[in-house]
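Structure first, commentary second.
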2 protein chains.
Amino acid sequence: MKNMTQEPRNILSQHKVSITNPRIIVLDTLLDFGNPITVEELQSKLKGKVAKSTLYRVLNDLKKINILNEFTSPDNAVVVELILEEDSHHHHLFCSDCGEVIDVELSDEFEMMLVKEMEKVQKELHFEIKDHRVEMFGLCTDECSNCE
Amino acid sequence: MKNMTQEPRNILSQHKVSITNPRIIVLDTLLDFGNPITVEELQSKLKGKVAKSTLYRVLNDLKKINILNEFTSPDNAVVVELILEEDSHHHHLFCSDCGEVIDVELSDEFEMMLVKEMEKVQKELHFEIKDHRVEMFGLCTDECSNCE
DNA sequence: ACAATAAATGAGAATAAGTCTCATTTATTT
DNA sequence: AAATAAATGAGACTTATTCTCATTTATTGT
Ligand SMILES: [Mn+2]
Ligand SMILES: [Mn+2]
Ligand SMILES: [Zn+2]
Ligand SMILES: [Zn+2]
């Protein structure tokens, strides 16, 4: 049985934001793509359907309700991805050649060790750490549909 | 005895790029600041000394010879830092409040474990990983000179 | 040290990602 | 269905970065 929460209308109503066409279209596009995507690429997919200003507004709306993650690729492209309830904590791998961004889940042992490292840092630097991110850079080889 | 390689002129000649005033001034400013710095802040420090276009060109030059690291802070500010020979591999901590970026060295055990994780990922995803980055986000407390 | 040659610079124009404005449309509430 | 509040589209605006090109500065060979 398919998860109801994956429908744009449900996502929006769950977060108490009004259900509008541009929001549905943007969510649909992100869900359909299924991977982290460049704002540029997203814009081209939405060409003629959602105004540029609206796209940026919708992305901000999604960030505000914490269902959109935004980060910057090594070549300074802004990348966004939906944060779905079923998603687990993960990190990213960037191909320096084709620009693809790939989700990576690291082992629990690793994550636990990272938490311990962060606790050490918190104490040493008197810093309250709220979040972390691990990014890996390299080149995709035979599995890459873009840059084989 | 102070390390000769830390002098702008030496850094430049070691990397076989011509020794010019703007390059010396930019390197001096980065060395003097000693921490990761926002391009914006760097620009204000160089106001009247180095033209905006030249600053960007020099930063690109330094990136090309691999002595400048560039990354993006959570509020999308571009941050740069010199990579000096004496620097060891390290990561960064970002204060969401004042924007400060702090160098963090994580334990060797952690780094070794991360390498192992990367090896696993390489095999699973047929990806050749060249580099990695760990970023931590949070709030500085009593030690922060900017946002106490 | 000096001319010739190549490389780098400054000033400002051009580009483009992201924001803002405001008249109109759409959603929500009553 | 009317009233109210919120969101949208189109394009103007802002601003970080890149580009152009005439001038200056560095390097090389003599
Ligand atoms: Mn992801
Ligand atoms: Mn650093
Ligand atoms: Zn690739
Ligand atoms: Zn701070």
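In the text below, chain A, chain B and the rest are named by the order of the sequence lines, each starting its count at 1.
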Worksheet item: So which one's nearest nucleotide on DNA chain D is more toward 5', B:Q43 or B:T20?
Response: B:Q43
Worksheet entry | Heavy-atom side-chain contact between B:H92 and B:I102 under 4.5 Å | no
Just the rounded figure in Å: distance from [atom2] of [N] to [atom1] of [X].
X     : N      : atom1 : atom2 : value
A:D75 : D:dT17 : CG    : C1'   : 15 Å
A:R23 : D:dG9  : CZ    : C1'   : 15 Å
B:N21 : D:dT27 : CG    : P     : 11 Å
A:H15 : D:dA7  : NE2   : P     : 16 Å
B:L46 : C:dG10 : CG    : C1'   : 14 Å
B:I24 : D:dA26 : CD1   : C1'   : 11 Å
A:E41 : C:dA17 : CD    : C1'   : 17 Å
A:K49 : D:dG9  : NZ    : P     : 13 Å

Practice prompt. Considering just the side-chain nitrogens and oxygens of B:S18, establish if one lies under 4.0 Å of OP1 or OP2 belonging to C:dA7.
Written response: no
Practice prompt. Answer with yes or no whether the hydrophobic clustering places B:F71 together with B:L106; edges join I, L, V, M, F, W, Y residues whose side-chain heavy atoms lie under 4.5 Å apart.
Written response: no
Discussion item. Side-chain heavy atoms nearer than 4.5 Å, only ILVMFWY residues, links allowed to pass through others: does that put A:I37 and A:V58 together?
Written reply: yes
Worksheet item: Going by number, which of residues 52-61 of chain B have a non-hydrogen atom under 4.0 Å from DNA chain D?
Response: B:K52, B:S53, B:Y56, B:R57
Worksheet item: Between A:T38 (side chain) and A:V79 (backbone), is there a donor-acceptor pair under 3.5 Å?
Response: no
Worksheet entry | Check: B:E81 side chain, B:N69 main-chain N or O, donor-acceptor pair, under 3.5 Å | no
Worksheet entry | Residue whose closest nucleotide on DNA chain C lies nearer the 5' end, A:I19 versus A:E40 | A:E40
Discussion item. Can a side-chain donor-acceptor contact be found between B:E100 and B:N35 if the only test is distance below 3.5 angstrom?
Written reply: no
Worksheet item: Any salt bridge between A:E117 and A:K120, counting N to O under 4.0 Å?
Response: yes
